[in-house]
Every structure is written in structure tokens, then in C-alpha cells.
Amino acid sequence: YELMAILDCLTPIGNPRDAGMSAIANGNIDPTNTRVYEWWTSQYKGIVRCNDLLEHIDQIEFPSNDTGQKGRIIGEAKFLRALYYFLLVDYFGDVPMILKLQSIKESQVPRDSKDKIIQSMLDDLAYAISNLPEQYGSSDVGRATSGAAKTLMLKYQLLKKDFTAAAVTAKEIMNMPGYKLQTSFPDIFNHKNENNSEVIFDVQFISFIGDGSSFDKLWGNRSASGDGWSWIHPTLWLVDKYERIEENPQYTIDDKRIPPAIYNYYEGRDPRMDWTIIRPGAYFTDRNSKKILYPYQVINYAHSLTGMHLRKNVIEGSDGIAYDSPNNWIVFRLADVMLLFAEAKTQSAFQNGQTVSDPEIYNAVNQIRQRASSKLPLYENGSLTKEQMLEKIYDERIRELAFEGWLTSDFKRWGKLNINDGLKIMGLTINNTSVKFATSPVATRVFAAKNNLWPIPQREIDVNPNLTQNPEY
């Protein structure tokens with residue numbers, strides 16, 4: 001899951017420091033790309049483990065008074081297998097659908113169609129929904145629930161652009177007991193507030209027993225307790241997505257190397273910006289629990305090529321540990337579902353050019369905005385056409401879900417990944433004496449239609465002659 005946040009850097013919101021992901025983002029992807037191979041093999045390793053359990057579960061003796069434990073375990077395995085297949089078909093299209101353990105000879109199989117896999121996984125998810133509980137007790141927190149299975153079903157329905165079914169599924173999740181928005185955006189990601197009411201499914205990490213996460217090391221800055229490498233560099237394109245809610249903010253910092261023009265550019269925006277990124281004029285709590293001003297009080301601030309670092313999912317203060325941090329990775333949360341409901345309902349219930357007049361759609365979007373700040377204007381029912389509403393939803397997803405791993409999938413569904421073609425990735429130039437807007441791009445991206453899918457890894461084709469390559473790779 002360390003790669004999921006970096007996936008969002010394949011959209012205009014971020015620049016990846018990692019060479020393999022940078023090649024993908026900039027259109028230089030080929031079948032030998034290491035990150036492509038890792039993504040493929042990671043999902044299939046998970047699939048094999050699920051197949052192993054499902055194939056041998058009948059050999060396990062369950063108590064005679066079993067009250068659904070066996071069905072629940074099968075449901076968990078089918079949910080996880082469906083999640084791994086989603087992450088394959090979304091990035092590769094057609095892939096081998098392997099539903100049982102294989103010998104080496106049996107593994108020489110061709111690709112199955114994306115549509116066939118989606119239908120098989122939807123069937124598995126229907127089983128999981130019927131056999132998984134809505135909630136667990138504290139000792140089983142983190143296990144897949146029926147809400148998690150429904151959310152993955154929603155993602156599949158959107159993948160096949162079945163907006164009518166997706167709107168129904170999303171509404172069912174929103175109506176489930178136990179899920180509600182956190183009142184404060186940063187509380188969602190606070191490692192001391194994990195498994196909160198907004199979380200539908202997350203990957204559990206625990207420090208000091210070898211089960212910690214690497215997020216602080218890979219994404220944090222060098223002053224953070226995880227002694228980070230800053231692999232994610234937010235862009236000015238992302239900053240511009242955060243609406244200005246306060247004009248002419250007061251210049252309140254002492255370091256004059258950060259000029260008013262830079263300070264005023266950032267200040268007064270939707271506060272989700274500062275909860276997502278670290279930028280000049282913002283403060284960060286370092287490993288010694290001291291508030292430090294970015295950039296000049298941060299160690300090796302130049303690690304970011306755009307002059308900005310990631311804050312979201314990075315532990316501030318002393319609790320982060322390189323390669324062993326306690327922060328979970330949130331896979332699904334309620335705000336994601338609410339915005340997907342608004343998108344699916346808008347797509348399915350209204351024609352192009354028609355006024356969107358469903359108050360449920362406006363309410364779903366407005367709740368997200370109001371949680372971010374009471375100063376953000378709300379959308380009045382009936383004020384937007386279908387096209388206008390969809391653009392508002394798309395921008396809201398960018399602001400709300402930046403660097404949570406779903407935006408590349410979103411951009412593909414929206415038909416907007418081609419915005420990368422010719423896109424100049426812009427940031428700041430920072431030296432010992434000043435912060436300025438950069439005059440030249442960090443990178444100029446190239447995008448072709450083939451880049452909507454990744455190539456099948458060459459190492460897989462080399463050992464399986466029945467695999468075919470995606471077009472133009």
C-alpha cells in the first residue's frame with residue numbers, strides 16, 4: 001500500500017520522486033518498468049493466498065454450533081481477492097483470472113477479459129455482503145465488513161460505468177449504521193483516532209512487532225520522526241484546486257525569505273490544502289515535537305522538486321518510526337462513497353444540459369464542503385446543470401481525496417487522464433535566500449491513449465508465452 005498514494009502522482013496533483021513511478025507519470029512507461037512488475041506480482045501474491053484458503057477451508061473443523069464463522073472467513077477471502085483483481089483490471093485491463101491453486105504448468109494461462117473478471121468478482125462480493133457482518137467487536141476491528149464489500153462493489157460498478165446500480169449501492173452504504181463523517185478533516189488520518197466512524201476499510205499497522213507501515217519513511221520530510229524521503233511532491237496545479245475563502249490574508253511570518261507574493265498565494269484557501277500538503281509559510285511539528293516553519297527550518301527541504309511536501313498520512317511529532325510507523329492505510333471511507341453517490345446519481349438521473357434538481361446530490365457534496373470549512377459556499381439545489389455538477393464533484397474529489405490512491409482511477413473514468421499530454425509540472429524554486437515561483441517545469445509530461453492501461457510486465461510474458469501485450473507497448 002506504500003505505492004497507492006504515489007499512484008495519485010500519475011495525475012496533475014503530484015510529482016513522484018521514485019524513478020519507476022516518474023517514468024509512468026511522464027509517459028515513458030515500458031514493459032520492463034519495475035513498479036509495474038511490483039504492482040502485478042503484489043496483487044497475484046494476495047490472490048494466491050486467498051485461493052489457498054478457499055481451496056482448503058473445507059479441511060478445517062468448525063464447531064458444530066458454528067454461527068457463520070466459516071461463511072464469514074470465505075467472505076473475507078472473496079472480498080480480498082476481489083480487491084486485488086480490481087487493482088489489476090483497473091491498471092492492466094484483461095489479466096489472467098486465477099481462482100484456484102496451480103502447478104507451474106497450469107499457470108501458463110492466457111488473459112481473461114476485463115468484463116468476465118468484473119462479473120466474477122461482483123458475484124463473489126454478493127456472497128461477501130451476505131456473509132460478512134456490518135460491524136465487529138474491538139478484538140476483530142480491521143476485518144472486512146459487509147460495508148467494505150459493498151464499497152468495493154460500488155467501485156466495480158463505476159469501473160463498468162453502471163451508474164444506476166452504483167447510485168443504489170452507494171446510498172445503501174450511506175444508510176448503514178455506524179458510518180458518519182468525522183467533524184474534523186485531519187482527525188480522519190490521526191493515528192490516535194484510527195478505525196473511526198468515517199473509515200469503512202483500512203489496512204492495520206502496529207509498531208514494535210514488525211507490522212508497522214513505511215508511509216512516514218517514504219512520504220514524510222527529513223524533519224519528521226520517520227526521517228522521510230519525500231517521494232511525493234505536490235504541484236501548483238493541486239494548490240489551485242483549493243478555493244480561496246479569505247481575501248488579503250495578513251502577512252504573519254518573520255522569515256522575509258518567504259515573500260508576501262508567495263505567502264498570499266497559499267494563505268486563505270480551503271483548509272484541506274494545509275491538511276494535505278506542507279508549503280512555504282506553513283508550520284510542521286518535527287520529531288522533537290517542535291513547531292517549525294517550512295521551508296527553512298525543515299531538514300533537506302530541497303528533497304521536493306516542487307518546493308512542497310506531503311502532510312496527509314505523515315505522523316507529526318515523535319510517534320513516527322522509519323519503516324515501522326503505527327498509522328493505518330485507509331482504503332475506503334465514507335466521504336469517498338458520498339461523492340461517488342453524487343457522481344453516479346448525476347450521471348444516471350439527468351441528461352446532458354439538464355438542471356440537476358435532486359437535493360440528495362447537493363446534500364452529499366455540501367456535507368463534505370461544510371465539514372472542510374463553514375466559509376466554503378454551498379451549492380443551492382437546482383443551481384447547476386449536469387455538466388456543471390459533475391465538474392464540481394470531480395474537483396471536490398481532488399480536494400478531499402488527494403494522495404489517497406483513487407484519483408488516477410477517477411481520472412480514467414472521467415476521461416481526463418489525457419490532461420497529462422503536454423502538462424508542465426510547476427512548483428517553486430527555493431534557495432538559501434528566497435522562495436520564488438519556478439519559471440521552468442519540473443517535468444513536461446507526454447500522454448498517449450495507450451497510457452490508460454499499463455503494459456503487461458515483460459518478465460511475466462517471458463515465462464508465460466500465452467500472455468499477450470497491451471496495444472502499442
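One is the number of the first residue; the rest follow in order along the sequence.
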Mind running side chain to side chain contact (heavy atoms under 4.5 Å, CB included) on I74 and N131 for me, showing each step along the way?
CA-CA 8 Å; I74 293 172; N131 287 274; over 6 Å; no
With salt bridge (charged side-chain N to carboxylate O under 4.0 Å, His left out) as the criterion, how do R279 and D274 come out once you've worked through the C-alpha distance, each side chain's angles and the decisive distance to 0.1 Å?
CA-CA 8 Å; R279 46 77 181 186; D274 274 328; 2.8 Å; yes
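D94 places a side-chain N or O within 3.5 Å of a backbone atom of K114 that can act as its donor or acceptor partner. In this structure a side-chain-to-backbone donor-acceptor pair under 3.5 Å is missing from Y379 to K392. Side chain of D319 to backbone of P326: no donor-acceptor contact under 3.5 angstrom is found. With hydrogens and angles ignored, the 3.5 Å screen pairs a side-chain donor or acceptor of T408 with a backbone N or O of L7. The closest donor-acceptor contact from the side chain of T285 to the backbone of K291 lies at 3.5 Å or more, if one exists at all.
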Side-chain donor-acceptor contacts of residues 159-170 below 3.5 Å, not counting sequence neighbours, with atom names and distances?
residue: K161; atom: NZ; partner: R413; partner atom: O; Å: 3.4
residue: D162; atom: OD1; partner: A165; partner atom: N; Å: 3.3
residue: T169; atom: OG1; partner: Q157; partner atom: OE1; Å: 2.9
residue: T169; atom: OG1; partner: Q157; partner atom: NE2; Å: 3.2
residue: T169; atom: OG1; partner: A165; partner atom: O; Å: 3.1

Can you list, pair by pair, the side-chain donor-acceptor contacts under 3.5 Å of residues 11-18, counting residues two or more places apart and other chains?
residue: T11; atom: OG1; partner: D8; partner atom: O; Å: 2.7
residue: T11; atom: OG1; partner: I13; partner atom: N; Å: 3.4
residue: N15; atom: ND2; partner: H233; partner atom: ND1; Å: 3.3
residue: R17; atom: NH1; partner: W229; partner atom: O; Å: 2.4
residue: D18; atom: OD1; partner: R35; partner atom: NE; Å: 3.2
residue: D18; atom: OD1; partner: R35; partner atom: NH2; Å: 2.6
residue: D18; atom: OD2; partner: G20; partner atom: N; Å: 3.3
residue: D18; atom: OD2; partner: M21; partner atom: N; Å: 2.9
residue: D18; atom: OD2; partner: R35; partner atom: NE; Å: 2.9

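The aromatic rings of Y394 and W414 sit parallel to each other, their planes meeting at less than 30°, with 60° as the upper class boundary. Ring orientation note: the planes of F332 and F201 are tilted relative to one another, at an angle of 30° to 60°. A parallel orientation is assigned to the rings of F215 and W219, their planes being inclined by less than 30° (bins at 30° and 60°).
Of all the heavy atoms in I277 and L238, the pair that sits closest is CG2-CD2, 4.2 Å. Across all non-hydrogen atoms, the minimal contact from K312 to L401 is NZ-C, 3.8 Å.
Among pairs with a residue in residues 198-208, those fulfilling side-chain hydrogen bond (donor to acceptor under 3.5 Å, both in side chains) read N195-Q204, E198-R333, E198-R371, D202-Q204, D202-N328, Q204-N328, at least two apart in sequence or across chains. Sequence neighbours left out, not one pair with a member in residues 47-57 passes salt bridge (Lys or Arg N to Asp or Glu O under 4.0 Å). Among residue pairs with one or both ends in residues 84-93, those qualifying as salt bridge (Lys or Arg N to Asp or Glu O under 4.0 Å) are D90-K412; sequence neighbours excluded. Within the structure, salt bridge (Lys or Arg N to Asp or Glu O under 4.0 Å) contacts touching residues 117-136 (residues at least two apart or in different chains) are K78-D124, R81-D124.
Within a 6.0 Å radius of CD in E38, more than 12 heavy atoms belonging to other residues, nucleotides or ligands are found. Applying the 6.0 Å contact sphere to CZ of R244 captures more than 12 heavy atoms from other residues, nucleotides or ligands. Within a 6.0 Å radius of NZ in K116, no more than 12 heavy atoms belonging to other residues, nucleotides or ligands are found. The number of heavy atoms from other shown groups lying within 6.0 Å of NZ (K171) is above 12.
Looking at Q119 and D115, their side chains never bring a donor and an acceptor atom within 3.5 Å of each other. Side-chain contact check for D286 and Q297: no donor-acceptor pair (N or O, by modelled atom type) lies under 3.5 Å.
The residues K217 and D324 are annotated as not salt-bridged, no charged nitrogen and carboxylate oxygen being separated by less than 4.0 angstrom. Under the 4.0 Å criterion applied to side-chain N and carboxylate O atoms, E460 and R111 are not assigned as salt-bridge partners.
No option in W231, Y294, F284 other than Y294 meets the ring pair (Phe, Tyr, Trp, His ring centres under 6.0 Å) test with H309. Of the residues listed (W39, Y85, F86), the one engaging Y91 in a ring pair (Phe, Tyr, Trp, His ring centres under 6.0 Å) is W39, and it is the only one. For the side chain to side chain contact (heavy atoms under 4.5 Å, CB included) with L10, the lone residue among I24, N451, I29 that qualifies is I24.
A cation-pi arrangement is absent between R269 and Y242 under the rule of less than 6.0 angstrom and at most 45 degrees off the ring axis.
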